[in-house]
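First the structure, in the form of structure tokens, and then the observations on it.
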Amino acid sequence: MLDMKYLRNNYEEIKEKLAHRGEDLHEFEHFGELDERRRELIRQSENLKAKRNEVSKQISVLKREKKDAEPAIKEMREVGEKIAAYDKELKEIEEKLEQIMLSIPNIPHESVPIGEDEEDNVEVRKWGEIPEFDFEIQPHWDIAANLNILDFERAAKVTGSRFVFYKGLGARLERALMNFMMDLHADEHGYEEMLPPYIVNRNSMVGTGQLPKFAEDAFKIEEWDYFLIPTAEVPVTNYHREEILSAEDLPKKFVAFSGCFRSEAGSAGRDTRGLIRQHQFNKVELVQLVKPEDSYETLEQLTGHAEKVLQLLGLPYRVMSMCTGDLGFTAAKKYDIEVWIPSQNVYREISSCSNFEDFQARRAGIRFRREPNGKPEFVHTLNGSGLAIGRTVTAILENYQQKDGSVVIPEVLRPYMGGKEVIK
RNA sequence: GGAGAGCUGUCCGAGUUGGUCGAAGGAGCACGAUUGGAAAUCGUGUAUACCGCCAAAAGCGGUAUCGAGGGUUCGAAUCCCUCGCUCUCCGCCA
């Protein structure tokens, strides 16, 4: 959410900046008139309330002195009706305004490349050597089927499409990655470890920006106003919702493991095979709450923390800076880390690292004070996958596949795999 | 699932025959005095959002907020209703 006053005073400038996002801004057009009407109603209503408060005091005096208060009471009864009428309209206006404010995307940072879609994203850097194979390589679902470590068919029977059973060393590999990543970020990168709820309420989903606009992407619990989390970002960022932190509390650095649940509405037919696009997957997520002046430096660091995982696993990747048209709703700046997938001959997203500036903090009411008696300011929030585990398994199976169908386990994972070197 | 108790400012905690209560008191914190320095002591200050005045900040004025929402009333922290959460006991359960 943007700052209303800032929006009011810089309407044209903001409109221009948002135009690059390619979002539908027609609701945004009504902001000016609604904002004006809102303030007019507040003025009217509050003037009457001030009067009512004053007369009510007089009434109490009159009553105590056993004088006749009836004329004043009668007058205030009428004032009360007027107030109710103003407040009724005010409430309607504010609800509309709220919807508009919640539907305006974040303003891109000046360093974000201008562009329309993913074609215009800019490669920032590349790491690692793309592996060469002297045999015919297989996609990860075939590798996994031969090794009997993933079972999509039975998951389809038990649940439905886009679900999977991990088995044997496949399950072990997933678990090894979870522990490896959590250890790395907690021990080496200084994050506080967290295991969050997988179900959150509506306010949390609004706080981080999944709602109200993207309701169709989420799984909702029937009969409850609760949602399955699409990422640990939601519970972890909302951990400090409606709180005022002190300056020495910052930065807050959390690393969280969680399952993630996505309806994948609108992606029917895409990545229908394999682990790439599941309704449920595991992820280790990095979340930081920082002072505003630190957030862009933090974005670079946080992205580096995610990259470190791939470096230690020896998986080739590249870092892309998302252009204005591909930024997503909430981010002011976003890097995607893409890992090499040999069978598809492309880099695929495995992490997304974003700086939301105060966009989420304003929605979620996360603030801090620089001085004990200072004015509260909004923190800046950031997060990034560190990493999506299912896609990491995908990358390991494919990049480390051998001619005989076995898969070499990256060295750093072997202690987590009971010392095993190969899955065969 | 049943029965009961509670939810007040950063924290603790008063206030429930409706009126001068944004809210006593205490603690904490900030600033100042005192001190060689500290402790102790004394003094002052210490919520948030919004609206208005101001170019802006400071400041001033106003409105709202005592778990959330609704209701009664000229007026509600105080009365009524719904919901949420916490705690205790019983039941059930991993």
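Letters A, B, ... are given to chains in the order of the sequence lines, protein chains preceding strands, and every chain is numbered from 1.
Between U86(B) and G62(B), the distance separating the two C1' atoms is 36 Å to the nearest Å. Comparing U48(B) with U35(B), their P atoms are spaced 35 Å from each other, to the whole Å. Going from the P atom of A39(B) to that of G28(B) covers 12 Å, rounded to whole Å. If you take atom C1' in G43(B) and the same atom in G59(B), they sit 24 Å apart, rounded to whole Å. Only the C1' atoms considered, A14(B) is 13 Å distant from G9(B), to the nearest whole Å.
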Base-pair string, RNA chain B, Watson-Crick plus G-U, cut-off 3.5 Å on both distances, | for inter-strand, is ((((((((.[[[..)...(.....]]]((((((.......))))))(((((((.....))))))).[[[[[..)....]]]]])))))))....
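Atoms CZ (R202(A)) and P (G84(B)) sit 16 Å apart, rounded to a whole Å. Put simply, CG on D87(A) is 15 Å from P on C51(B), counting in whole angstrom units. Between the CD atom of E242(A) and the C1' atom of G84(B) there is a distance of 15 Å, given to the nearest Å. Atom CZ of F368(A) is separated from atom P of U10(B) by 18 Å (rounded to the nearest Å). Look at CG on N201(A): it is 14 Å from C1' on C83(B), rounded to the nearest Å. What separates CZ of R362(A) from P of A49(B) is a distance of 11 Å, to the nearest Å.
Using a 4.5 Å heavy-atom cutoff, the side chains of I350(A) and R348(A) are not in contact.
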Give the table of side-chain donor-acceptor pairs shorter than 3.5 Å for residues 410-417 of chain A, with sequence neighbours excluded, one pair per line with atom names and distance.
{"from": "R414(A)", "atom 1": "NE", "to": "I409(A)", "atom 2": "O", "distance (Å)": "2.8"}
{"from": "R414(A)", "atom 1": "NH2", "to": "I409(A)", "atom 2": "O", "distance (Å)": "2.9"}
{"from": "Y416(A)", "atom 1": "OH", "to": "D183(A)", "atom 2": "OD2", "distance (Å)": "2.7"}

Would you give me the side-chain donor-acceptor pairs under 3.5 Å for residues 322-331 of chain A, sequence neighbours excluded?
{"from": "T324(A)", "atom 1": "OG1", "to": "H20(A)", "atom 2": "O", "distance (Å)": "3.2"}
{"from": "T324(A)", "atom 1": "OG1", "to": "G115(A)", "atom 2": "N", "distance (Å)": "3.0"}
{"from": "T324(A)", "atom 1": "OG1", "to": "G115(A)", "atom 2": "O", "distance (Å)": "3.0"}
{"from": "D326(A)", "atom 1": "OD2", "to": "N121(A)", "atom 2": "ND2", "distance (Å)": "2.9"}

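Checked against the 6.0 Å centroid criterion, the rings of Y11(A) and F28(A) qualify as a close aromatic pair.
Contact annotation: R43(A) does not reach the phosphate of C51(B) (side-chain N/O to OP1 or OP2, under 4.0 Å). For the OP1/OP2 pair of G52(B) and a distance below 4.0 Å, the side-chain nitrogens and oxygens of R39(A) include at least one atom meeting the criterion.
By the ring-ring contact (aromatic ring centres under 6.0 Å, His included) test, Y296(A) pairs with H109(A), sequence neighbours left out. For E264(A), the salt bridge (Lys or Arg N to Asp or Glu O under 4.0 Å) partners are R277(A), not counting sequence neighbours.
Residues Q288(A) and T298(A) have side chains that never bring a donor and an acceptor to within less than 3.5 angstrom of each other.
For the pair E92(A) and K96(A), the salt-bridge criterion is not met [side-chain N within less than 4.0 Å of a carboxylate O].
Position along RNA chain B of the nearest nucleotide to K57(A) versus M4(A) favours K57(A) as the more 5'-ward residue. Looking at which nucleotide of RNA chain B each of R8(A) and P376(A) is closest to, the 5′-most match is held by P376(A).
I73(A) CD1 to D68(A) CG: the interatomic distance, rounded to the nearest 0.5 Å, is 8.5 Å.
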Sequence-aligned protein contact record of nucleotides 56-77 of chain B, with B where the base is within under 4.0 Å of a protein heavy atom and S where only the sugar-phosphate is: ------BBS-----S---BS--
